[in-house]
There are 2 protein chains.
Amino acid sequence: MARASTTSDAFNAVAEPRRREILSYLASGERPVGDIVASLKFDQPSVSKHLRVLRSVGLVRVRCEGRHKFYRTNAEAIRPLHEWAGTFERFWQHQLLSVKKRAEEQMSKLIPASDSTDTKEKP
Amino acid sequence: MARASTTSDAFNAVAEPRRREILSYLASGERPVGDIVASLKFDQPSVSKHLRVLRSVGLVRVRCEGRHKFYRTNAEAIRPLHEWAGTFERFWQHQLLSVKKRAEEQMSKLIPASDSTDTKEKP
DNA sequence: TTGACATATTCCTATATGAGTATGTATTGT
DNA sequence: ACAATACATACTCATATAGGAATATGTCAA
């Protein structure tokens with residue numbers, strides 16, 4: 001089996017760095033395609049194709065006005081990603097604590113008289 | 001050009017659903033490969049290959065002990081993903097507010113006498 | 001209508017999968 | 001030494017890109 005389609009979900013869609021750039025660019029407000037091309041310096045067909053992928057998974061929305069199409073990021077669609085990653089937050093916090101604790105233990109070995117915290121000594 | 005390698009960064013690595021499952025499974029503590037195979041019901045070679053991808057981008061760590069290899073999720077490596085998605089948080093909050101406001105405006109149209117907030121009327 | 005402008009689509013190609021199967025490599029127990 | 005156990009790697013195959021070039025579609029303006 002090949003890799004899952006880029007249009008299969010937000011995870012696959014944002015795996016492409018240029019699509020992430022486009023999302024960031026469009027986050028603060030809608031812009032016509034030409035602005036993306038001019039600002040990010042990608043080929044126009046490339047931008048169109050990336051937008052198609054992003055649109056297919058709901059990461060961007062379009063508003064047509066004459067010959068312009070205004071795209072904007074649909075931040076809501078990024079939330080599942082944020083939440084999935086967030087389920088690991090307590091683990092990396094735990095890891096940081098462990099690292100801190102080990103560092104402090106090393107400290108106490110090197111400077112046995114000192115406490116492992118940076119609390120001022122009581123005079 | 002083809003799609004970027006799955007081993008090019010965490011974004012590409014977690015695009016694969018099975019790899020996300022493995023990461024979640026290994027988040028709470030280290031497990032031997034056999035446990036992953038037994039619990040998630042993937043083929044053993046498939047698990048090994050996914051672990052290889054995850055390891056190459058630092059999403060998992062290994063500890064070898066005899067003929068067992070204990071893998072664990074390195075949550076720290078998921079943080080950049082969480083933070084990237086987090087940069088959109090204020091936008092989706094803004095979107096939710098807009099939706100709420102529009103809904104309330106609709107409400108006031110339907111029930112002109114009522115205020116757009118749920119504040120009790122002063123008697 | 002005709003031309004200019006803004007976007008989208010098509011065609012091509014090199015490359016990278018992921019699943020399945022078979023096989024290789026350590027390491028342990030007897 | 002030998003068999004069993006635990007993982008990793010190699011091979012094949014169907015499929016999905018992403019970029020580049022060329023072209024198509026749609027809309028406005030004179």
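Here is how names work: the chains are called A, B, and so on, in the same order as the sequence lines, proteins then strands, and each is numbered from 1.
- Proximity of a side-chain donor or acceptor of T73(B) to a complementary backbone N or O of L23(B) within less than 3.5 Å is detected.
- Put simply, the side chain of V53(A) does not reach to within 4.5 Å of the side chain of E16(A), judged on heavy atoms.
- Summarising the geometry of A77(A) relative to V57(A), their closest heavy-atom pair is CB-O, 4.5 Å, with the distance given to 0.1 Å.
- Contact footprint of chain B on DNA chain C: nucleotides with an atom under 4.0 Å from a non-hydrogen protein atom, first to last in 5' to 3' order, dT15(C) to dT28(C).
- Listed by first and then second residue, the salt bridge (charged side-chain N to carboxylate O under 4.0 Å, His left out) pairs that reach into residues 73-97 of chain A are E76(A)-R79(A), R79(A)-E83(A), sequence neighbours excluded.
- Annotation for S28(B) and F91(A): closest pair CA-CE2, 3.8 Å, computed over non-hydrogen atoms.
- Residues of residues 10-39 of chain B that place a heavy atom closer than 4.0 Å to DNA chain D, in numerical order, are P32(B), V33(B), G34(B).
- Remark: G66(B), R67(B) in residues 53-74 of chain B come within less than 4.0 Å of DNA chain C through at least one heavy atom.
- Applying the side-chain hydrogen bond (donor to acceptor under 3.5 Å, both in side chains) test to D9(A) and every residue at least two apart in sequence or in another chain returns N12(A).
- Of all nucleotides in DNA chain D, those with any atom nearer than 4.0 Å to a heavy atom of chain B start and finish, going 5' to 3', at dA4(D) to dG19(D).
- Linking Ile, Leu, Val, Met, Phe, Trp and Tyr whenever their side-chain heavy atoms come within less than 4.5 Å puts L26(A) and V37(A) in one cluster.
- Each side-chain hydrogen bond (donor to acceptor under 3.5 Å, both in side chains) pair with one or both residues in residues 31-42 of chain B, not counting sequence neighbours, appears once here: Y25(B)-S39(B).
- The side-chain hydrogen bond (donor to acceptor under 3.5 Å, both in side chains) contacts involving residues 59-68 of chain A comprise E30(A)-R63(A), R63(A)-E65(A), where partners must be two or more places apart or lie in separate chains.
- The distance from atom OG of S24(B) to atom CD1 of I78(B), rounded to the nearest 0.5 Å, is 7.5 Å.
- For the pair R72(A) (side chain) and G29(A) (backbone), a donor-acceptor distance under 3.5 Å is absent.
- T87(B) contributes atom OG1, which lies 11.0 Å from atom CZ of R20(A) (distance to the nearest 0.5 angstrom).
- Across all strands shown, S48(A) has heavy atoms under 4.0 Å from base atoms, whether or not it also approaches the sugar-phosphate.
- Take W92(B) and apply the ring pair (Phe, Tyr, Trp, His ring centres under 6.0 Å) test, not counting sequence neighbours, and it matches H82(A).
- For residues 1-9 of chain A, proximity to DNA chain C is found at M1(A), A2(A), R3(A), defined as any non-hydrogen atom under 4.0 angstrom from a strand atom.
- Identified under the ring-ring contact (aromatic ring centres under 6.0 Å, His included) test for residues 28-65 of chain A, with sequence neighbours left out: none.
- With sequence neighbours excluded, the residues forming a side chain to side chain contact (heavy atoms under 4.5 Å, CB included) with R55(B) are R52(B), V60(B), V62(B), Y71(B), listed by chain and number.
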